[in-house]
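Taking it in order: structure first as structure tokens, then the write-up.
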Amino acid sequence: MIADNIKSVTERIARCCEKAGRPRGSVQLVTVTKEASVGQMEEVFHAGARDFGENRVQDALTKHSAIGDKVKWHLIGHLQTNKVKDAVKIFSLIHSVDSLKLAQAIDKEAAKLGKRQSILIQVNVSGEESKFGIAPEETIDFLKVASAYPNISVDGLMMIAPEVDDPEAVRPYFRRLRELRDKIDEGRRAIRTLSMGMTNDFEVAIEEGSDIVRVGRAIFNDQ
Ligand SMILES: *Cc1c(COP(=O)(O)O)cnc(C)c1O
């Protein structure tokens, strides 16, 4: 059941934090609802979930009109410039910014709403062609430009690990994103948040320093 699954994921996160010597509350769970119905979303809300992740703006708008702002909405999927206006209306955090053109469009729409939009930069750490995201070595230059936009706040970095059977195999990718973040923090552009880890690999991601895990299947599928 959904409530049991949320409880079990939350406990796994807590145990993992303990094992990694991190405070229990230092990792945020975003419940990925892209395949969930509004009814199921109400169910996870009652079980304590307060952050929902969607990968399509249109689906999120429909669900947002039913559920509203009692939860925080996270955009985790690729964002097209023509959807930015709607995205800025509802999302607290856009995890998937992968071009300066997009960052600029978000800045412009946020200005119109009098909002400062929090974003993460999606980095394609594994370099897979199928994945969105900027190359790791472009990140610092990207940040220099993006941090000059007054209506966005670049809070950190996001990545999606390759799909593998053994989560240990993707540990080096998580580590690489953390090292990139740390390197940026040594400079003057402090960014803190690392959004990494999904159903298959969130425990390894937490051990490597993740601050936000995005979990769908472990919550909505019967395991
Ligand atoms: C679907 C999705 C998730 C959740 O994946 P699960 O394997 O269902 O936990 C996390 N992040 C992104 C970007 C996704 O598209």
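For this chain, numbers begin at 1 and follow the sequence in order. Every number for a ligand or one of its atoms is a count from 1 in the order of the listing.
- Remark: ligand 1 and Lys34 share an N or O pair separated by less than 3.5 Å (distance only, no angle test).
- Protein heavy atom in closest approach to atom 12 (C) of ligand 1: Ile76 CD1, 3.5 Å.
- Residue contacts with ligand 1: Ile160 is included, with a non-hydrogen atom under 4.0 Å away.
- In summary, the atoms of ligand 1 found under 4.0 Å from a heavy atom of Val215, numbered by their order in the structure, are 9 (O).
- Salt bridge Lys7/Asp4: absent, no basic N to carboxylate O contact under 4.0 Å.
- Within the 4.5 Å cutoff, the side chain of Thr33 has no heavy atoms near those of the Gln40 side chain.
- Atom 5 (O) of ligand 1 has its closest protein heavy atom at Met198 CE, 3.5 Å.
- Listed by atom number, the atoms of ligand 1 under 4.0 Å from Gly216 heavy atoms are 4 (C), 6 (P), 8 (O), 9 (O).
- Under 3.5 Å, the side chains of Asp155 and Thr193 contain no donor-acceptor pair of N or O atoms.
- Residue Phe52 comes nearest to Val30 through the heavy atom pair C-CG1, 3.9 Å, listed as atom of the first residue, atom of the second, then distance.
- Among residue pairs with one or both ends in residues 115-173, those qualifying as ring-ring contact (aromatic ring centres under 6.0 Å, His included) are His78-Phe132; sequence neighbours excluded.
- Atom 9 (O) of ligand 1 has Thr199 OG1, 2.5 Å as its closest protein atom, hydrogens excluded (heavy atom only).
- Taking each of Arg217, Met158, Lys131 in turn, the one with a heavy atom nearest to atom 7 (O) of ligand 1 proves to be Arg217.
- Residues Trp73 and Lys63 meet the side-chain proximity criterion, which asks for heavy atoms closer than 4.5 Å.
- No option in Arg22, Arg181, Arg175 other than Arg175 meets the salt bridge (Lys or Arg N to Asp or Glu O under 4.0 Å) test with Glu208.
- Near Arg214, meaning under 4.0 Å from any of its heavy atoms, are these atoms of ligand 1: 4 (C), 9 (O), 10 (C), 11 (N), 12 (C), 13 (C).
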